[in-house]
Each structure stands twice: as structure tokens, then as C-alpha cells.
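Each remark here refers to the structure printed beneath this line.
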Amino acid sequence: MDKNTLASLRTLGRPPQGVKNVMEAFLLLIYQPEVMRDWGNCMQKLKTPADVLIKVEQFDPQNCIEATAQKADGLIAGETEESIAKKSFEAAIIYKWTRSMVDKVKSGDGLKA
């Protein structure tokens, strides 16, 4: 994941629902407890890819609220890395990171609050 990945996703005007869900789940994790309400809100966050990447680097599954991870998991539950890659290669990169972090939080690393 790098600035180009995020910049490419930002150019999508009307992405497929799976891509939207992946981005909402991803941004929900790194900007918790903010809720990504729609694609426009997601795009606002992606305006500054450097800030997003800092959030990714600073993300600690042990400091993630379990309910937030569960919500993110619900957004991407029906998808796989392969199904997302068919819609957007860049979104598949985001999916892989998001799935990994959700799984870490759910495995007991997250906050119970």
C-alpha cells in the first residue's frame, strides 16, 4: 500500500459496492470512531494519502475497539481478496490489510470497550 494505491482509488467516481465497502471498512479502522457514511466521505479522507499512510503505520490492533472491527468485518464479510481484485486491484491491496487487521482484533488483541 502506498500513495499511488490511494490516489488511484480516489479517482473512482462510482466504484462497485464491494470496493466502497472495503474502503469504508479500512477507513473505519484507521479513523475510529469516525464512521464513513458514504463514498464522498471516504474520498475526503483520501485527499491526503500521506496522512492515511501515517494512520496505517500507527494502527495498533490492541488499541482498536472490538466493536469497530466487527463493524468493519460486516462491511467486507461477503468478499474475498480475489473478488475485490476483479473490481479493483488497488482495493484488493486495501482489503488484504483490512482483513488482516480485523482478524487480529477479533483474535483477542482488540479493546473490549
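Counting from 1, the numbers follow the sequence of the chain as shown.
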Given the rule in the side chain to side chain contact (heavy atoms under 4.5 Å, CB included) test, do Val19 and Tyr95 qualify, once you have shown the distances and angles that lead to the verdict? CA-CA 9 Å; Val19 172; Tyr95 173 89; over 6 Å; no

Test side chain to side chain contact (heavy atoms under 4.5 Å, CB included) applied to Lys20 and Cys42, step by step: CA-CA 8 Å; Lys20 288 181 187 179; Cys42 291; over 6 Å; no

Worked verdict on Ile94 versus Thr98 for side chain to side chain contact (heavy atoms under 4.5 Å, CB included): CA-CA 6 Å; Ile94 302 296; Thr98 303; 3.9 Å; yes

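Rounded to the nearest 0.5 angstrom, Phe59 CZ and Phe26 CZ are separated by 10.0 Å. Considering OG1 of Thr48 and CG of Leu6, their distance stands at 9.5 Å, rounded to 0.5 Å. In this structure, the separation between CD1 on Ile30 and CD1 on Ile54 is 10.5 Å, given to the nearest 0.5 Å. Taken to the nearest 0.5 Å, the CG atom of Leu27 stands 11.0 Å off from the CG atom of Leu75. A distance of 11.0 Å separates CD1 of Ile65 from CG of Leu29, quoted to the nearest 0.5 Å. Note that the CZ atom of Arg14 and the CH2 atom of Trp39 stand 13.0 Å from one another [nearest 0.5 Å].
Checking Ser100 against Asp103 by side-chain atom types alone, no donor-acceptor pair falls below 3.5 Å.
Across Gln32 and Asn63, no two heavy atoms sit closer than the pair NE2-O, 3.9 Å. Val105 and Cys64 get closest at one heavy-atom pair: CG2-CB, 3.6 Å. Ile76 and Asn21 make their closest contact through CG2-O, 4.0 Å (heavy atoms, listed as atom of the first residue, atom of the second, distance). Leu46 approaches Arg10 most closely through the heavy-atom pair O-CD, 3.4 Å. Of all the heavy atoms in Leu9 and Ala91, the pair that sits closest is CD2-N, 3.8 Å. Considering every non-hydrogen atom in both Val102 and Ala72, the closest pair reads CG2-CB, 3.9 Å.
Both Trp97 and Phe89 are members of a single hydrophobic cluster when ILVMFWY side chains are connected at heavy-atom separations under 4.5 Å.
Under a 3.5 Å cut-off, the side chain of Ser8 and the backbone N or O of Asn4 do not form any donor-acceptor pair.
Across Lys86, Lys96, Lys87, Arg99, a single residue satisfies salt bridge (charged side-chain N to carboxylate O under 4.0 Å, His left out) together with Glu79, and that is Lys87.
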